[in-house]
**Student:** 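One structure coming up, written as structure tokens, with questions to follow.
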Amino acid sequence: MQQKMVLKVQMNCEKCRTQALRIAAAAQGVTHMPIQGKEKDELMVTGDKVDSVKLTRCLRKKLHHATILTIEEIKEEKKEEKKDDEKYTPPYYVCYPPYPMPPQIMVQDPCQSQACSIM
């Protein structure tokens, strides 16, 4: 359930704007938060299961003035279901060959030879 809410926040300077954005970004479920309005004093927050009261309280603590203007529920578009007639195509994977193995070198120990060199 996506929500879109618009909060009016007193943001007089750039420092207040960045602080408001940090607070909104730290809230649980927030996905998008642009600043809008003629005077750049409205914060539009969209997200999944965002607690608007908790967010407003946090903004009031730091910035002293914050009010909720609107809260809307965003309806998601329905996705088309796959038809059974379509063939299933597995995802394409790129398999690189493994690193080449170094050539095997045969080393023969002279002590292990079966012929006796003394006799």
Side-chain angles (χ1 to χ4, degrees):
M1 180 174 97
Q2 288 275 352
Q3 289 180 337
K4 173 184 160 185
M5 61 185 82
V6 179
L7 306 168
K8 184 166 181 143
V9 183
Q10 183 180 1
M11 298 182 280
N12 299 329
C13 60
E14 193 65 32
K15 183 179 176 183
C16 296
R17 287 186 189 99
T18 57
Q19 195 169 18
L21 288 173
R22 282 186 187 160
I23 293 168
Q28 185 176 9
V30 175
T31 57
H32 192 68
M33 58 210 168
I35 295 176
Q36 64 183 17
K38 289 182 181 179
E39 299 175 12
K40 301 277 186 185
D41 62 345
E42 294 178 0
L43 182 65
M44 185 178 75
V45 178
T46 56
D48 194 31
K49 298 180 183 177
V50 179
D51 190 0
S52 59
V53 175
K54 187 175 180 180
L55 179 60
T56 308
R57 282 183 185 168
C58 290
L59 288 168
R60 282 182 186 161
K61 251 184 202 180
K62 296 289 182 177
L63 303 171
H64 302 294
H65 296 287
T67 56
I68 301 172
L69 296 179
T70 59
I71 298 177
E72 299 175 4
E73 187 175 322
I74 300 173
K75 295 183 180 179
E76 296 179 16
E77 297 177 6
K78 294 182 180 177
K79 297 179 182 178
E80 295 180 16
E81 295 181 17
K82 292 183 180 179
K83 296 180 182 177
D84 293 335
D85 299 338
E86 296 177 15
K87 285 185 176 180
Y88 172 74
T89 55
Y92 178 71
Y93 294 106
V94 177
C95 296
Y96 294 102
Y99 291 105
M101 297 293 293
Q104 294 181 354
I105 301 171
M106 298 293 288
V107 178
Q108 190 173 11
D109 189 13
C111 297
Q112 294 289 333
S113 65
Q114 294 189 9
C116 184
S117 61
I118 299 175
M119 293 180 156

**Student:** Is the backbone of Ala66 close enough, under 3.5 Å, to the side chain of Arg60 for a donor and an acceptor to pair up by distance?
**Tutor:**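 Judged by distance alone, yes, a pair lies under 3.5 Å.
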
**Student:** Please examine the side chains of Lys4 and Met44, heavy atoms only from C-beta on, and report whether any two atoms are closer than 4.5 Å.
**Tutor:**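 With C-beta onward as the side chain, the pair touches.
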
**Student:** Do Lys40 and Met11 pass the side chain to side chain contact (heavy atoms under 4.5 Å, CB included) test, and can you show the C-alpha distance, the side-chain angles, and the key distance before you say yes or no?
**Tutor:** CA-CA 7 Å; Lys40 301 277 186 185; Met11 298 182 280; 5.9 Å; no

**Student:** Please enumerate all residues that pass salt bridge (charged side-chain N to carboxylate O under 4.0 Å, His left out) together with Glu73, with sequence neighbours excluded.
**Tutor:** none

**Student:** Distance-only check: which donor-acceptor pairs under 3.5 Å involve side-chain atoms of residues 26-38, not counting sequence neighbours?
**Tutor:**
unit_1: Thr31; atom_1: OG1; unit_2: Thr46; atom_2: O; d: 3.1

**Student:** With a 4.5 Å limit on heavy-atom distance, are the side chains of Glu42 and Leu7 in contact?
**Tutor:** no

**Student:** Give the C-alpha distance, both sets of side-chain angles, the deciding distance and a yes or no for side chain to side chain contact (heavy atoms under 4.5 Å, CB included) between Leu63 and Gln10.
**Tutor:** CA-CA 7 Å; Leu63 303 171; Gln10 183 180 1; 5.9 Å; no

**Student:** Output, in order, the C-alpha distance, side-chain angles, deciding distance and verdict of side chain to side chain contact (heavy atoms under 4.5 Å, CB included) for Gln3 and Ile74.
**Tutor:** CA-CA 6 Å; Gln3 289 180 337; Ile74 300 173; over 6 Å; no

**Student:** Do Leu59 and Arg57 touch side chain to side chain, with heavy atoms closer than 4.5 Å?
**Tutor:**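 Counting from C-beta outward, Leu59 and Arg57 never come under 4.5 Å.
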
**Student:** Atom CD in Gln19, atom SG in Cys13: separation rounded to 0.5 Å?
**Tutor:**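 Reported value, rounded in 0.5 Å steps: 8.5 Å.
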
**Student:** When you look at Val6 and Val45, which way does the side chain to side chain contact (heavy atoms under 4.5 Å, CB included) test go after all the steps?
**Tutor:** CA-CA 6 Å; Val6 179; Val45 178; over 6 Å; no

**Student:** How many angstroms lie between atom CG of Leu69 and atom CG of Leu43, to the nearest 0.5 angstrom?
**Tutor:** 10.5 Å

